[in-house]
Amino acid sequence: MTSSRRTFLKNSAVAVAATALMPKNLFAEPAKMQRVGLQLYSVRDAMSKEPLPTLKKLADMGYTQVEHANYIDRKFYGWSAKDFKKVLDDLGLQMPSGHTVMLPSHWDPATNDFTDAWKATVEDAAYMGQKFVISPWMDEKVRHDTELLKRTMDQFNKSGELCQKYNMKFGYHNHDFEFTTMVGDIRLFDYIMQNTDPDKVSQQLDIGNMYGRENNAISLLQKYPGRFVSMHVKDEIKSATKTEGTGYESTILGKGVLPVKETLKVAKNIGGTVYLIIEQESYQGIDPLECVKIDLQTMKKWGY
């Protein structure tokens, strides 16, 4: 998790245990179809400067699905929902999910309902054909206020109910703090899992953000089978410059320390994971567009 990503989210709202010791069927190839997409934050600078040419380049690379990380004042990267849908349709791209931070202020206690701003978020997501409306952040004040955290979990479940009306699900995306913040005697991550309704709230497991805090994504897939319909696929390396956070940064798939291939197989088999969203936030001097091109090629080599 880069500091720039943290700043972006705030402003806009080592390996696992040896696989030989695990059951052999854990890594069996199931039949469920999986879809590979790209989190557009991976090419954030290009999307900011030249969104249309950038999307065309992604489509030319072979991407068929994207996940947005820019929804401001009912616009995606400056486009209305209607216009952005046409842009994606013309390029043969679909957007099954998107990131929009849910805040406590999106719930109005006076009306006992969501604010118009959050209702618009859900409506626009449905218009875009999304399957998931994902909140990728939790304010620090929520994490450390037990009563506010309880209300937020209730808000998550209610958002799930709202999304269900549009045949979507609400989702939450982890970073690293969920594995270091304690709620009583359990980790915040487990608290979220235990206090959200699986039928209403899906979890998007980011296997890179957690590395350096909770290094075993496979154990989480085992502990909460079927809960991770979506996954952010990343690889990580020890950062040469970053000292804050986990000390790791993302890199091209297959070049880092994460057992990504093994994790993907377990996710497919027992995690219920259908949507595999590539995200790379650090590039080690390589052009971001070249990075995500190689990432997609790697996923194809792995059989996805």
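Because the structure is a prediction, the values reported are computed rather than measured.
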Item to check | Gap separating the NE2 atom of His144 from the CG atom of Leu188, nearest 0.5 angstrom | outcome: 8.5 Å

Item to check | Asp60 and Lys56 ion-paired at < 4.0 Å | outcome: yes

Checklist entry - Is any side-chain heavy atom of Asn70 less than 4.5 Å from a side-chain heavy atom of Arg44? => result no

Next on the checklist: Measuring only between side-chain heavy atoms, which start at C-beta, is Asp197 closer than 4.5 Å to Glu161?
Outcome noted: no

Checklist entry - How far apart are the C-alpha atoms of Trp107 and Phe156, what are their side-chain angles, what is the distance that settles it, and do they pass the ring pair (Phe, Tyr, Trp, His ring centres under 6.0 Å) test? => result CA-CA 10 Å; Trp107 181 262; Phe156 279 11; over 10 Å; no

Next on the checklist: Checking Lys49 now: which residues fulfil side-chain contact (heavy atoms from CB on, under 4.5 Å) with it, not counting sequence neighbours?
Outcome noted: none

Next on the checklist: Is it true that Gln39 and Gln204 share a donor-acceptor pair across their side chains at a distance under 3.5 Å?
Outcome noted: no

Checklist entry - Can any side-chain N or O of Glu214 pair as donor or acceptor with the backbone N or O of Asn216 at less than 3.5 Å? => result yes

Item to check | N-O pairing of Lys265 and Glu262 below 4.0 Å | outcome: no

Checklist entry - Should the ring pair His106 and Trp118 be called parallel, tilted or perpendicular, given that the plane angle runs from 0 to 90° and is split at 30 and 60? => result tilted

Checklist entry - Salt-bridged, Lys255 to Asp235, with N to O below 4.0 Å? => result no

Checklist entry - Can Arg213 and Glu178 be counted as an ion pair, charged N to O under 4.0 angstrom? => result no

Next on the checklist: Before you tell me yes or no, could you show the steps for Lys150 and Asp154 under salt bridge (Lys or Arg N to Asp or Glu O under 4.0 Å), namely the whole-Å CA-CA distance, both residues' side-chain angles and the distance that decides it to 0.1 Å?
Outcome noted: CA-CA 6 Å; Lys150 288 180 181 178; Asp154 184 51; over 6 Å; no

Checklist entry - Judged by modelled atom types alone, do Ser250 and Gln280 share a side-chain donor-acceptor pair under 3.5 Å? => result no

Checklist entry - Relative to each other, are the rings of Trp79 and Phe84 parallel, tilted or perpendicular (30° and 60° limits)? => result parallel

Item to check | For the student: nearest non-hydrogen atoms of Asp206 and Asn174, plus distance | outcome: N-OD1, 2.7 Å

